[in-house]
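Before any comments, here is the structure.
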Amino acid sequence: MRIILAPAKKMNVDVDSFPVDALPQFLPKTEQLLSALQAMSPQALQKLWKCNDAIAALNVERLARMDLHHRLTPAVMSYEGIAYRYMAPGVMEQSHLDYLREHLRILSGFYGLLRPFDGVTPYRLEMQARLAVNGHRDLYAFWGDRLTRQLEQESNCILNLASVEYSKAIEPYISSGTIFLTCVFGEWRDGKVIEKGTMCKMARGQMVRWLAENHITHLRDLRDFDQLGYAFSPALSREDRLVFLRQGPEPKEP
């Protein structure tokens with residue numbers, strides 16, 4: 001089984017706490033993206049990133065001095081979004097980190113596909129960014145099917161905990177012999193499942209942690225997930241979609 005998860009916009013640098021295992025697998029493609037970004041003006045970059053002046057200035061500075069080979073942080077420790085705070089890899093036991101190393105894969109507009117302990121540097125480039133590179137109209141076309149092919153070389157079972165923006169880079173290329181199972185975290189309101197962005201991110205991160213703590217390797221065991229007030233809904237689930245519904249007050253962010 002391979003678990004796919006979206007990255008986070010906010011990133012940090014920590015070159016001391018955990019060692020890097022390797023460089024990202026698609027680094028030559030990342031170098032192409034870096035060259036394209038470095039050739040753009042600050043104004044064009046801010047438009048691409050859709051961010052405020054302060055964030056744009058920070059990332060323009062990062063681009064100017066970006067080094068893809070030195071002073072790198074393990075990917076799973078670099079991202080600081082809600083899902084990663086709930087996953088909390090920095091306080092995991094070694095056996096849980098080993099589980100992540102084997103099973104978790106992080107999707108990235110800049111790096112393509114990351115193993116948890118691949119070394120990365122802070123960047124800003126969402127998968128849906130309209131960046132035309134080497135004749136490709138956007139990043140979905142730039143990456144094509146290579147990310148899915150890599151995942152399928154590793155496993156014929158993919159657990160999708162990524163957002164729609166990122167799972168769109170994988171799902172269209174799934175082969176007929178591969179299981180692609182998406183988890184939905186929502187609430188039942190007015191006769192339908194409502195997904196809330198922040199709660200979904202919390203649940204995805206919490207599920208990754210739960211999977212690691214319990215060393216889950218079989219899809220049938222996913223139905224036992226009961227964190228943050230969620231419970232599996234057999235009635236709303238399908239073969240390719242597991243629905244977890246939540247009741248009670250919303251938890252606070254850590």
Side-chain angles (χ1 to χ4, degrees), residues 5-18 20 23-24 26-27 29-91 106-114 116 118-133 136-140 142-143 161-169 195-205 250-254:
L5 188 67
K9 293 179 183 178
K10 188 176 181 181
M11 301 181 70
N12 68 69
V13 175
D14 183 352
V15 299
D16 299 319
S17 298
F18 292 89
V20 166
L23 293 174
F26 296 102
L27 198 59
K29 300 290 290 182
T30 301
E31 290 170 342
Q32 294 176 27
L33 293 174
L34 177 58
S35 295
L37 291 170
Q38 289 177 331
M40 297 172 66
S41 69
Q43 294 77 19
L45 286 167
Q46 184 170 6
K47 183 177 180 180
L48 177 74
W49 292 329
K50 297 180 180 179
C51 62
N52 61 37
D53 292 347
I55 293 175
L58 170 64
N59 284 280
V60 166
E61 181 184 353
R62 282 175 172 171
L63 275 177
R65 53 184 174 82
M66 188 169 287
D67 185 340
L68 300 177
H69 294 83
H70 303 96
R71 290 191 57 77
L72 304 177
T73 303
V76 75
M77 306 296 176
S78 181
Y79 295 110
E80 287 192 342
I82 295 170
Y84 292 85
R85 294 203 292 273
Y86 270 77
M87 189 196 314
V91 293
I106 301 168
L107 301 173
S108 165
F110 190 56
Y111 284 104
L113 188 69
L114 290 164
D118 283 348
V120 302
T121 191
Y123 66 91
R124 188 178 181 91
L125 189 64
E126 297 178 62
M127 187 66 80
Q128 63 186 0
R130 295 185 178 181
L131 178 65
V133 184
H136 300 290
R137 68 184 182 278
D138 56 24
L139 292 175
Y140 293 108
F142 175 81
W143 289 112
L161 295 181
S163 62
V164 172
E165 172 190 350
Y166 284 89
S167 60
K168 280 170 54 179
E195 298 177 80
K196 295 182 178 180
T198 298
M199 287 301 304
C200 286
K201 293 174 183 177
M202 291 178 181
R204 290 165 184 155
E250 296 185 1
K252 295 181 180 179
E253 292 186 35

(message) Tell me the closest heavy-atom pair linking Val13 and Pro122, and the distance in Å.
(response) CG2-CG, 3.5 Å
(message) Going by the rule side chain to side chain contact (heavy atoms under 4.5 Å, CB included), which residues pair with Ala88 if we only count those two or more places apart in sequence or in a different chain?
(response) Val91, Arg209
(message) Could you check whether Tyr123 and Thr30, counting side-chain N and O atoms only, form a donor-acceptor pair closer than 3.5 Å?
(response) no
(request) Taking side chain to side chain contact (heavy atoms under 4.5 Å, CB included) as the test, write out the residues that go with Ala44, two or more places apart. (result) Met40, Ser41
(message) Give me the atom names and distance for the closest heavy-atom approach of Leu114 to Ser108.
(response) CD1-CB, 4.2 Å
(request) Please report the closest heavy-atom contact between Val20 and Thr73, naming both atoms and the distance. (result) CG2-C, 4.1 Å
Report, one line per pair, each donor and acceptor closer than 3.5 Å where one atom sits in a side chain of residues 54-65; sequence neighbours left out.
| unit_1 | atom_1 | unit_2 | atom_2 | d |
| --- | --- | --- | --- | --- |
| Asn59 | OD1 | Arg62 | NH1 | 3.3 |
| Asn59 | ND2 | Ile55 | O | 2.8 |

(request) Tell me, please, which residues at least two apart from Ala169 pass side chain to side chain contact (heavy atoms under 4.5 Å, CB included). (result) Met127, Tyr140
(request) Taking all heavy atoms of Arg124 and all of Lys50, pick out the closest pair and write down the distance. (result) NH2-O, 4.3 Å
(request) Output the distance between atom CG (Leu27) and atom OH (Tyr111), rounded to the nearest 0.5 Å. (result) 7.0 Å
(request) For Lys47, enumerate each residue passing the salt bridge (Lys or Arg N to Asp or Glu O under 4.0 Å) test, keeping only those at least two apart in sequence or located in another chain. (result) none
(message) Applying side chain to side chain contact (heavy atoms under 4.5 Å, CB included), can you list everything that pairs with Asp16, at least two apart in sequence or on another chain?
(response) Asp14
